[in-house]
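Down below is the structure, laid out as structure tokens.
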Number of protein chains: 2
Amino acid sequence: MPKRVDHEERRAQIAEALIRVAGRRGLHAVGMREVAAEAGVSLRLVQYYFETKEKLLFYGLRHLTDRFTARVGARLAAAGPEPGPRATVEALLLASLPTDEESRTFHLLYSSYAILSVTDGALAAQPFIDNPDAAENALAGLLEQAQAAGLADPEADARTEAISLLAMAATLGTSILVGQRSPESAIAVLRHHLDRIFTTATRAPARVGR
Amino acid sequence: MPKRVDHEERRAQIAEALIRVAGRRGLHAVGMREVAAEAGVSLRLVQYYFETKEKLLFYGLRHLTDRFTARVGARLAAAGPEPGPRATVEALLLASLPTDEESRTFHLLYSSYAILSVTDGALAAQPFIDNPDAAENALAGLLEQAQAAGLADPEADARTEAISLLAMAATLGTSILVGQRSPESAIAVLRHHLDRIFTTATRAPARVGR
DNA sequence: TTCTTCGTGGTACGACCGTATCACTAATAT
DNA sequence: ATATTAGTGATACGGTCGTACCACGAAGAA
């Protein structure tokens with residue numbers, strides 16, 4: 001055999017080319033030839049590692065969400081060694097807004113995939129149920145923690161607020177994408193609701209009880 | 001000349017065929033031949049009334065928003081002869097959720113067009129700025145009215161709340177579309193925020209001051 | 001070394017798409 | 001009555017797309 005190449009690595013390389021091309025020209029407009037050219041390989045190679053376009057798209061979605069999850073994790077880590085609940089929630093929500101090229105591409109493509117999954121049964125709709133559910137559960141958990149620690153309004157319904165915050169972040173992100181809203185105004189709206197949910201003492205993490 | 005047909009009427013007929021087929025198979029998958037077949041006319045006819053596909057899609061978007069605007073108006077009219085501010089706002093928000101076939105199609109296609117406009121410069125992005133702005137202004141106005149009438153929390157920031165409500169309604173709608181959330185739970189989330197903004201006395205429109 | 005098999009390139013095929021062309025019909029204006 | 005023209009049908013053209021096919025080199029196995 002020849003070079004004995006790492007298939008998974010090759011697939012990732014091609015998937016990133018797909019993401020770049022789709023981010024520029026739209027998911028609907030990507031063809032296998034263009035992905036191959038962007039990745040610097042031949043059309044045959046793309047066929048070889050992903051037998052069909054459907055599998056390529058499927059893998060691309062997986063790769064996209066993986067990259068985004070890693071990015072959000074990095075943002076959280078960058079938020080400091082031991083951030084308060086509010087800082088964590090805020091970092092989580094703001095990380096999903098399309099404020100730079102990478103998050104812009106993510107938002108655009110994830111939305112494209114989601115819309116596509118409604119009519120094209122081939123693309124599994126499951127990722128668009130499981131991922132949001134996971135995010136919702138994580139956020140609801142954080143809010144409950146904050147409530148238990150006396151840092152958030154104990155009257156609030158944590159799950160409903162989690163759903164609401166994520167829902168707002170998603171549409172605000174799209175508004176930024178289409179140029180209707182500035183990132184700053186989107187952030188202001190989200191902060192407004194965080195101020196409502198979290199008790200104000202949280203902002204400067206007063207060293208009480210610790 | 002032959003039949004002397006009404007062009008505008010014909011265009012509307014073809015646009016509705018476009019909307020039907022796009023609602024079934026996705027906006028990206030519609031071709032002029034399929035639209036023609038759905039409308040019961042020949043391919044040449046579609047070419048004749050819309051010279052190019054781009055113009056057909058453009059007209060289709062306009063037709064879609066017009067139909068939806070009319071629908072929301074009808075919903076408002078059906079909400080009673082003199083509804084309170086809360087009933088009006090609630091009707092407005094719930095009318096935009098994809099709960100039946102027509103609103104489902106609208107939500108799907110409007111989202112598809114919006115996402116498409118991000119990468120395809122040909123489709124004007126302006127409708128996706130102007131329409132949301134108008135909705136936001138209308139809703140903010142309603143909330144201010146309610147505040148002035150003492151029916152809503154005077155401390156609330158009407159514009160921020162309007163943006164938030166519309167943002168939530170949009171994402172909740174998409175969640176319904178992809179099957180993540182039930183219409184009932186989406187409605188519950190929206191009602192939760194309406195309860196927060198409006199003073200409870202509003203629900204039964206007490207005949208005070210009138 | 002020889003044989004097998006993985007990786008790779010080039011290219012062709014068949015289908016579909018948007019658009020263009022040509023012809024024909026029928027209603028109106030003169 | 002006839003010339004004109006809006007409306008309509010059938011069909012062809014050029015391009016692109018996803019996929020299939022064929023051939024070859026190179027690395028490990030025998």
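Each chain gets a letter, A, B and so on, in the order the sequences are listed, and its residues count up from 1.
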Sugar-phosphate, base or nothing in reach of Phe50(B), heavy atoms under 4.0 Å: nothing

No-hydrogen, no-angle side-chain donor-acceptor test under 3.5 Å, Ser164(B) and His193(B): no

Side-chain donor-acceptor contact under 3.5 Å, Asp100(B) with Ser103(B): yes

Atom pairs, N/O to N/O, protein against nucleotides 21-24 of chain C, distance under 3.5 Å?
| from | atom 1 | to | atom 2 | distance (Å) |
| --- | --- | --- | --- | --- |
| dT21(C) | O4 | Arg44(B) | NE | 3.2 |

From [atom1] of [X] over to [atom2] of [N], roughly how many Å is that when rounded to an integer?
X: Lys55(A); N: dG18(D); atom1: NZ; atom2: P; value: 16 Å
X: Glu51(A); N: dG18(D); atom1: CD; atom2: C1'; value: 14 Å
X: Tyr49(B); N: dG18(C); atom1: OH; atom2: P; value: 20 Å
X: Ile14(B); N: dG7(D); atom1: CD1; atom2: P; value: 12 Å
X: Leu45(A); N: dG10(C); atom1: CG; atom2: P; value: 10 Å
X: Glu9(B); N: dA6(D); atom1: CD; atom2: P; value: 19 Å
X: Leu43(B); N: dT11(D); atom1: CG; atom2: P; value: 13 Å
X: Leu57(A); N: dG18(D); atom1: CG; atom2: C1'; value: 12 Å

Quick one: side chains of residues 22-34 of chain A, donor-acceptor pairs under 3.5 Å with protein atoms, not counting sequence neighbours, listed by atom name and distance.
| from | atom 1 | to | atom 2 | distance (Å) |
| --- | --- | --- | --- | --- |
| Arg24(A) | NH2 | Glu38(A) | OE1 | 2.8 |
| Arg25(A) | NE | Glu34(A) | OE1 | 3.3 |
| Arg25(A) | NE | Glu34(A) | OE2 | 2.7 |
| Arg25(A) | NH2 | Glu34(A) | OE1 | 3.0 |
| His28(A) | NE2 | Asp120(B) | OD2 | 3.3 |

side-chain contact (heavy atoms from CB on, under 4.5 Å) between Thr52(A) and Phe58(A), worked out: CA-CA 10 Å; Thr52(A) 177; Phe58(A) 196 83; over 6 Å; no

Glu136(A) side-chain N/O to Ala162(A) backbone N/O, donor-acceptor pair under 3.5 Å: no

Residue pair Tyr59(A) / Ile14(A), side-chain heavy-atom distance below 4.5 Å: no

Exercise: identify the closest heavy-atom pair between Asp153(B) and Thr199(B):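 Distance-wise, the nearest heavy atoms are N-CG2, 4.2 Å.
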
Stepwise side-chain contact (heavy atoms from CB on, under 4.5 Å) check, Leu142(A) with Leu92(A): CA-CA 11 Å; Leu142(A) 283 171; Leu92(A) 217 60; 4.1 Å; yes

Any His7(A) side-chain nitrogen or oxygen under 4.0 Å from OP1 or OP2 of dC6(C): no

Contact under 4.0 Å: Ser42(A) side-chain N or O vs dG10(C) OP1/OP2: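 For Ser42(A), the contact criterion (side-chain N or O under 4.0 Å from OP1 or OP2 of dG10(C)) is not met.
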
Aromatic plane relationship, Phe106(A) with Phe68(A) - under 30° parallel, 30 to 60° tilted, over 60° perpendicular: parallel

Which nucleotide in dG9(C), dG7(D), dT19(D) has an atom nearest any side-chain atom of Thr52(A): dT19(D)

Among dT8(C), dG7(D), dG18(D), the nucleotide that comes nearest once only the side chain of Tyr48(B) is considered: dG7(D)

Interface residues of residues 21-35 of chain B with DNA chain D (non-hydrogen, below 4.0 angstrom):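 Residues of residues 21-35 of chain B that come under 4.0 Å of DNA chain D are, in numerical order, Arg33(B).
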
